[in-house]
There are 2 protein chains.
Amino acid sequence: MYTAILANVARYVALTAAEQQAFTNQLQPQHVARHGLLQPAGPPVRYLAFVVRGCVRTYTTDARGREHVLAFAPEGWWSSNFTSALSAPRAYLSLQALEDTEVLLLRLDQLEELCLQVPKFERFFRLLFQNGYLLAQRRLTARAHLSAEARYARFCRHYPQLHQRVALKHIASFLGITPEFLSTLRGRQV
Amino acid sequence: MYTAILANVARYVALTAAEQQAFTNQLQPQHVARHGLLQPAGPPVRYLAFVVRGCVRTYTTDARGREHVLAFAPEGWWSSNFTSALSAPRAYLSLQALEDTEVLLLRLDQLEELCLQVPKFERFFRLLFQNGYLLAQRRLTARAHLSAEARYARFCRHYPQLHQRVALKHIASFLGITPEFLSTLRGRQV
DNA sequence: TTAATTTCTTAAACTAGTTTAAGGAGCGTA
DNA sequence: TACGCTCCTTAAACTAGTTTAAGAAATTAA
């Protein structure tokens, strides 16, 4: 259950058995059926999710009710519903399971608590966010530099496994184009 | 010299006089003339910059030699040249002073060193990157949800001071449109 | 002051990507 | 097996934003 997440943390910081215990105590395991939404117990809050099995997509819904995919997270990846008030205050991102999925949830307040108890986690999450920041910037750059076709080619090269598992419409949304246009792009390449 | 940056750090963590000393010892002050590039002493590396006075833009240059602005940083803001290998490995972002500018530079290796010496900085930079990650995600969302016109309106509302100080072509690049098109957008609104 | 250079504006031709629409393919359910 | 549903594909009409070009305005330098 916790093997993968502990290995993930161990990439950056070495934990004692007691610290591992303190960590896993905070995590809420959740099983989410295909197409179901992730949500920790209690009122809606900010949280992180670590995907143990399956695949999750992070998305927003705009004023016209259209969804925009911001990220995918297969096994071993972190994801979060963090966002800031683009339209409404307390606007959270939604996380949906694209397959039968097993996740470990950590609310932001639990994260803060954990960092106070075990300062090593300040380091771990500093590096995690530092990396997330870098990836988000890379995607901004890609959108500025590359045509839709080049972005799709890059996506296929970078995430071949996702390309197989994830519906075309979600990939299109992630790339910032319509499903129809992605379909024509695919047609061209054959 | 260090008043502003210490106030900035104090928003998240309380430092002792000795810790303040350890922090400011690592910082490299640099004066950069208008249009000059920021760069810490030594070989090119990743670094953070805190703007004490003036204004900085962060940008990349693509294969065709065209620049794309990723961020602006006026007084009191942090900025960095972090990026990951979109095209070449060791591809850093460039930071340019848009006015006569005073910055404090902190190399990534110095940051790591500082975190080891004073663990409070793990917390500070964790929160700083967490926030940067959030802002980058917000910009990705804005680009998906909003038309160029709406993005420009939002930029003007959000950063009225920048709108006055920064050249139109840089704002256009930041918004992801051509200067010509931004110019027509401006014309329309009058 | 003039001259050189960069930046901004305007407008017309163009194109990457959208919209709309309709048909087909797959898939879960009864 | 057929029904309903969502997803994917194709194609034609359309549009937001680009490209090209040329002139006006603002900066910079001498």
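Just so it is clear, the values below take in all heavy atoms, side chains as well, and ignore hydrogens, waters and symmetry mates. Each chain gets a letter, A, B and so on, in the order the sequences are listed, and its residues count up from 1.
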**Report entry** Given DNA chain D, 5'-ward residue of the pair B:Ser147 and A:Phe181, judged by closest heavy atom
**Finding:** A:Phe181
Requested in this report: Side chain of A:Lys169 only, please: which of C:dT18, D:dT18, D:dC7 is the nearest?
Outcome: D:dC7
**Report entry** Ring geometry between A:Phe129 and A:Phe125 (parallel below 30°, tilted from 30 to 60°, perpendicular above 60°)
**Finding:** tilted
Query raised in the report: How long is the line joining NE2 of B:His163 and P of C:dC8, in whole Å?
Result: 11 Å
Query - Closest to the B:Glu180 side chain, choosing from C:dT7, C:dT9, D:dT18 - result: C:dT9
Requested in this report: Specify the separation, in whole Å, of atom CD1 of B:Ile177 and atom P of C:dC8.
Outcome: 13 Å
**Report entry** Residue met sooner reading DNA chain C from 5', once B:Ala167 and A:Leu182 are mapped to nucleotides
**Finding:** B:Ala167
Requested in this report: Kindly say whether B:Gln39 contributes a backbone atom to a donor-acceptor pair with the side chain of B:Gln30 at under 3.5 angstrom?
Outcome: yes
Query raised in the report: Does any donor atom in the side chain of A:Ser79 or A:Thr58 lie under 3.5 Å from an acceptor atom in the other side chain?
Result: yes
Query raised in the report: Between A:Cys55 and A:Leu162, is any pair of side-chain heavy atoms under 4.5 Å apart?
Result: yes
Requested in this report: Identify which one of A:Tyr59, A:Tyr152, A:Phe155 satisfies the ring pair (Phe, Tyr, Trp, His ring centres under 6.0 Å) criterion when paired with A:Phe174.
Outcome: A:Phe155
Report summary line: In whole angstroms, the gap separating P of C:dA16 from CZ of A:Arg143 amounts to 18 Å
Report summary line: From CG of B:Leu185 across to C1' of C:dC8 the rounded distance in Å is 14 Å
Query raised in the report: What does B:Arg34 touch in the nucleic acid at a heavy-atom separation under 4.0 angstrom: a base, only the sugar-phosphate, or nothing?
Result: sugar-phosphate
Query raised in the report: In whole Å, what is the span from the CZ atom of B:Arg151 to the C1' atom of D:dA16?
Result: 11 Å
Report summary line: In whole angstroms, the gap separating P of D:dT18 from NE2 of B:His68 amounts to 11 Å
Query raised in the report: Rounded to the Å, how far apart are B:Leu146 CG and C:dT18 P?
Result: 15 Å
Query raised in the report: For B:Arg66, which contact category applies under a 4.0 Å heavy-atom criterion: base, sugar-phosphate, or nothing?
Result: sugar-phosphate
Query - Among C:dC8, D:dT9, C:dT18, the one nearest A:Leu168 by side-chain distance - result: D:dT9
Query raised in the report: Given atom CD of A:Gln96 and atom P of D:dT6, what is their separation to the nearest angstrom?
Result: 13 Å
Report summary line: Ranking D:dC8, C:dT18, D:dT18 by distance to the side chain of B:Thr178, first place goes to D:dT18
